[in-house]
Visitor: 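Before I ask anything, here is the structure I am working with.
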There are 2 protein chains.
Amino acid sequence: MNRIKIILVDDHQIVRDGIKALLSDTSYINIIGEAKSAYEFFDLLKIETPDVVLLDISLPKMSGIEVSKILSAEFPEIKKLMLSMYVSEDFIFNALKSGIDGYLPKNTTQEELLFAIKEVYEGREYFNKSISDTILKSYVKNAKYGNTVSDNNLGSLTKREHEILFYVVEGLSNPKIAEILSISVRTVETHKTSILRKLDLHSIVDLVKFAIKNNIIEL
Amino acid sequence: MNRIKIILVDDHQIVRDGIKALLSDTSYINIIGEAKSAYEFFDLLKIETPDVVLLDISLPKMSGIEVSKILSAEFPEIKKLMLSMYVSEDFIFNALKSGIDGYLPKNTTQEELLFAIKEVYEGREYFNKSISDTILKSYVKNAKYGNTVSDNNLGSLTKREHEILFYVVEGLSNPKIAEILSISVRTVETHKTSILRKLDLHSIVDLVKFAIKNNIIEL
DNA sequence: TAGCCATCTACGTGTTTCGCGTAGATGAAA
DNA sequence: TTTCATCTACGCGAAACACGTAGATGGCTA
């Protein structure tokens, strides 16, 4: 069995150290890199290709869920194991929708973490019991009250539109976004129009609320 | 009267023991569980449903305020009584915003603790005198100096500005707001300018985030 | 009472954004 | 090869924003 190549993405030094300590004496695991932000991670990805990414859900600027979405679209072969302090329904649903392969709370045990890594590495999914309970509970609730699971059309956005969406809800002006992306202001406007249309939203106010609900930005 | 079911959440063994000692010889109180972290507490919540939670404000990882927010959202029927070493304005304001039902300093008496538990159990609020004094003092200070609020500057907004703010973050356009309030669009714009200036914000995106943080709108 | 001040109202001007429509270039898929 | 999605860009009129000014009103107080 080849050693499983892993990249850690978490903004807290202590957490990264903790995970490294948990994994260090396991012969078949090889931590090839770590990043404290989405940007760092994507830079790292240019020179290293991991088998599994351990993703913190709450990262500064771009959330782990956003990272997961992009990975799902661009590098579907990389497995994504999400670590989170939160086990609330919203977080879990959004994480699921972003295409993650597993989800663990941060107070997990070494055994569970190792098991989860092996599971996702071998192409299966792994969800911590409290996570699957939450999912189950939600299904039961929906079945009971006839509610539909909140759905969105984030997946229908293109990579470029995701990028624009992110800058918009960060509060950047159109000219600023145009400058960053080296495109014309008119193009930024066109993308924004497409985003609002695809998400069936009708104002920037709605877009910001949508972004917060879907963990694209943090409050 | 049914016995009031209580869960203690505090990361210090000694504090938990102290509270248990304070409550042990009271017939109508039943401590059904204790947790030393938010995680433990939420795990406990899957098997036990308390009437009242005694929450320490400072917990490792997830603070008591965070716990309170989640409880308010997911289990609004569970009453939340916060215990804190701190009586500073900031803590109190944040605790209030998280939806707690009562707030006590840790050096409270047995009588006061029992009274507070009964009050919140029966659907009322209870704030220790030093807490309400702090709140009162803050209000007086605001009235006196106008805009030196520690937490945010919401208090410095006029009634009209509050009104406009609400409509704006609801996603209404300026002409629509003008129509509703029977004032000119230009006036709406002026108010919006004042709001942004007073709150030290620089875009509608920031304003929406601010409004969500301050419970002006729900997601 | 007179003066001060906060509040609500409104406008001017120039820049930016929005809504709606059109459209060329490119690359991947059928 | 044709088709389709995507990214790019512009025109135009309406709306929104930034920054400034300013009249009317009503409450407080020197």
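As the structure is a prediction and not an experimental result, all values here were calculated from the model. Here is how names work: the chains are called A, B, and so on, in the same order as the sequence lines, proteins then strands, and each is numbered from 1.
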Visitor: Going by side-chain hydrogen bond (donor to acceptor under 3.5 Å, both in side chains), name the residues that satisfy it together with B:E179, two or more places apart in sequence or in a different chain.
Guide: none
Visitor: Output all residues satisfying side-chain contact (heavy atoms from CB on, under 4.5 Å) with B:E119, sequence neighbours left out; order by chain, then residue number.
Guide: B:F115, B:R124, B:Y126
Visitor: So which protein N/O to nucleotides 4-7 of chain C N/O distances come out below 3.5 Å?
Guide:
none

Visitor: Can you give me the first and the last nucleotide of DNA chain D (5' to 3') that has an atom within less than 4.0 angstrom of a non-hydrogen atom in chain A?
Guide: D:dT6 to D:dC12
Visitor: If you restrict it to nitrogen or oxygen atoms, what contacts under 3.5 Å exist between nucleotides 19-22 of chain C and the protein, and what is each distance?
Guide:
none

Visitor: Could you tell me if the side chain of B:L71 sits less than 4.5 Å from the side chain of B:L45, heavy atoms only?
Guide: yes
Visitor: Expected output is a numbered-order residue list: members of residues 173-183 of chain A with a heavy atom under 4.0 Å from any atom of DNA chain D. What is it?
Guide: A:I183
Visitor: Below 4.5 Å, heavy atoms only, C-beta onward: do A:L181 and A:I164 meet side chain to side chain?
Guide: yes
Visitor: Taking salt bridge (charged side-chain N to carboxylate O under 4.0 Å, His left out) as the definition, give me every residue that meets it alongside A:D43, ordered by chain and number, with sequence neighbours left out.
Guide: A:K46
Visitor: Do A:V9 and A:D56 have side chains that get closer than 4.5 Å, going by heavy atoms?
Guide: no
Visitor: Would you mind telling me which residue lines up with the more 5' stretch of DNA chain C, A:I204 or B:S184, judged by nearest nucleotide?
Guide: B:S184
Visitor: Quick one: list whatever passes salt bridge (charged side-chain N to carboxylate O under 4.0 Å, His left out) with A:E125, sequence neighbours left out.
Guide: none
Visitor: Between A:I65 and A:M82, does a side chain to side chain contact (heavy atoms under 4.5 Å, CB included) hold up when you go through it step by step?
Guide: CA-CA 9 Å; A:I65 286 176; A:M82 190 150 284; 4.2 Å; yes
Visitor: Carefully, step by step, assess A:Y28 and A:K118 under the rule side chain to side chain contact (heavy atoms under 4.5 Å, CB included).
Guide: CA-CA 10 Å; A:Y28 57 85; A:K118 267 199 291 195; 3.6 Å; yes
Visitor: Could you work out, with salt bridge (charged side-chain N to carboxylate O under 4.0 Å, His left out) as the rule, every residue matching A:E40, not counting sequence neighbours?
Guide: A:K36
Visitor: May I ask you to evaluate whether A:K192 reaches the phosphate of C:dC18, defined as a side-chain N or O under 4.0 Å from OP1 or OP2?
Guide: yes
Visitor: In degrees rounded to 10°, what angle is found between the helical axes fit to the five outermost pairs at each end of the helix from C:dT1-D:dA30 to C:dA30-D:dT1?
Guide: 30°
Visitor: Answer yes or no: is there a side-chain heavy-atom contact under 4.5 Å between B:F75 and B:V53?
Guide: no
Visitor: For a 4.5 angstrom cut-off between non-hydrogen side-chain atoms, does B:D101 reach B:L81?
Guide: no
Visitor: Tell me every residue that passes side-chain hydrogen bond (donor to acceptor under 3.5 Å, both in side chains) with A:K192, counting only those two or more places apart in sequence or in another chain.
Guide: A:N174
Visitor: Scan the side chains in residues 183-190 of chain B for donor-acceptor partners under 3.5 Å anywhere in the protein, sequence neighbours excluded, and list what turns up.
Guide:
from, atom 1, to, atom 2, distance (Å)
B:S184, OG, B:R186, N, 3.1
B:S184, OG, B:T187, N, 3.2
B:S184, OG, B:T187, OG1, 3.3
B:R186, NE, B:E189, OE1, 3.2
B:T190, OG1, B:R186, O, 2.9

Visitor: In the structure I gave you, are the side-chain heavy atoms of A:F210 and A:L196 within less than 4.5 Å of one another anywhere?
Guide: no
